[in-house]
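Atoms within each ligand, like the ligands themselves, are counted from 1 in listed order.
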Amino acid sequence: MMRKLLSTTILLILAAPAAAQTADRLYLMDCGHNSAKDQSLWSPGVNVGKPIEQSNMCALIKHGAQWLLWDTGYQDAVADRPVDTPVGHATRARKLAAQLAELDLKPSDITFVALSHTHADHVGNVELFPTSTVLIQKAEVEWAFAEGKAAPFKKDHPMRLLEGDLDVFGDGSVILVSTPGHTPGHQSLLVHLGKFGWVVLTGDAAHFKDNWDNDRVPRINTSAEQTHASRARLAKVVADKQASLWINHDLPTFESLKHSPQFYD
Ligand SMILES: [Zn+2]
């Protein structure tokens with residue numbers, strides 16, 4: 001009997017996959033709010049003239065002694081002075097700097113600033129982190145810094161230019177997933193946490209749940225074909241990993257989650 005138990009245990013150990021690596025913590029940050037008058041900007045011909053309230057998420061991930069910030073939201077100045085943009089009225093209830101300070105972090109503590117893409121509602125605070133390495137797709141930089149366009153942030157900012165996916169810490173816990181379509185070098189983020197499990201942060205691969213569910217492509221997207229393909233790719237990741245799906249501008253999702261200084265681990 002004892003012998004049988006022992007051999008069963010050994011077999012179980014051998015059959016178990018290597019322990020999956022995980023990030024330590026994920027803090028979801030409030031990076032702004034957009035009040036839009038016309039939802040059809042994101043769904044041509046559908047919900048025309050219907051207003052929509054949108055969140056703007058950033059996420060801070062702790063991995064050992066290193067920190068990765070996912071997107072930077074609207075510029076902190078929007079907290080003092082809300083702005084009207086081509087897609088709505090932008091406000092910021094809390095500054096990003098204040099949310100970091102609340103965790104006793106300085107911008108220089110942030111090792112990596114990973115950007116989903118270069119639209120203003122995502123890169124507003126990149127220059128708050130002059131020493132952090134920006135992780136961005138090469139295709140995005142070539143597109144956003146093209147001659148004649150207003151640069152989204154300083155071109156000489158420390159940057160690592162990616163061509164496809166990146167396993168940021170080399171242990172499978174934090175992965176940038178190439179999801180072009182909204183812009184030429186758009187990317188999403190996949191994070192593995194010990195207790196919470198896997199989570200996909202879409203960036204703007206889809207803007208809100210209705211667009212994800214119905215696979216609607218915003219007018220502004222640079223490629224509808226890539227948008228559909230990128231969403232199919234993310235849907236497969238979500239299914240394979242049984243991952244939570246956090247759609248950046250989906251306010252009901254944001255409101256259902258814990259916000260920094262609370263965290264997921
Ligand atoms: Zn956005």
Side-chain angles (χ1 to χ4, degrees), residues 28-44 47 51-60 69-79 82-96 99 113-126 128 134-137 139-141 143-144 149-153 176-189 199-212 215-224 226-227 230-231 234 245-255 257 259:
L28 183 64
M29 298 193 154
D30 181 351
C31 272
H33 183 99
N34 183 44
S35 293
K37 290 200 183 78
D38 185 0
Q39 200 172 312
S40 73
L41 285 169
W42 296 275
S43 54
N47 293 320
I52 183 169
E53 301 297 320
Q54 299 175 328
S55 57
N56 192 353
M57 303 180 193
C58 296
L60 181 69
L69 178 67
W70 170 244
D71 277 344
T72 68
Y74 290 122
Q75 211 177 1
D76 273 357
V78 170
V83 288
D84 287 312
T85 74
V87 297
H89 182 68
T91 53
R92 216 187 207 290
R94 300 198 67 202
K95 293 185 179 181
L96 179 59
Q99 292 173 76
V113 172
L115 298 174
S116 63
H117 65 299
T118 49
H119 285 159
D121 54 327
H122 298 258
V123 301
N125 294 302
V126 171
L128 207 69
V134 164
L135 302 177
I136 188 168
Q137 295 290 323
E140 187 72 8
V141 167
W143 175 73
K149 276 179 134 179
F153 53 87
L176 289 165
V177 181
S178 170
T179 50
H182 179 53
T183 60
H186 186 278
Q187 55 186 355
S188 304
L189 185 70
V199 55
V200 167
L201 289 113
T202 60
D204 289 0
H207 283 70
F208 40 85
K209 193 166 180 304
D210 187 56
N211 267 25
W212 170 268
D215 202 9
R216 292 184 182 127
V217 178
R219 195 166 293 151
I220 191 178
N221 281 23
T222 53
S223 167
Q226 285 185 330
T227 301
S230 290
R231 287 179 186 167
L234 286 182
L245 180 71
W246 294 0
I247 301 175
N248 189 70
H249 295 299
D250 191 69
L251 186 61
T253 299
F254 182 71
E255 288 184 335
L257 297 169
H259 305 157

Side-chain heavy atoms of Val83 within contact of Gln75, under 4.5 Å: no
Least distance between heavy atoms, Tyr74 atom then Asn125 atom: O-ND2, 2.9 Å
Metal check, the Zn ion (ligand 1) vs His249 N/O/S, cut-off below 2.8 Å: yes
His122 N/O/S atom closer than 2.8 Å to the Zn ion (ligand 1): yes
Considering only N, O or S atoms of Asp121, the one closest to the Zn ion (ligand 1): OD2
Among the N, O or S atoms of Asp204, the one nearest the Zn ion (ligand 1): OD2
Short side-chain donor-acceptor distance under 3.5 Å, Ser35 and Glu53: yes
Thr183 and Glu140: side chain donor to acceptor below 3.5 Å: yes
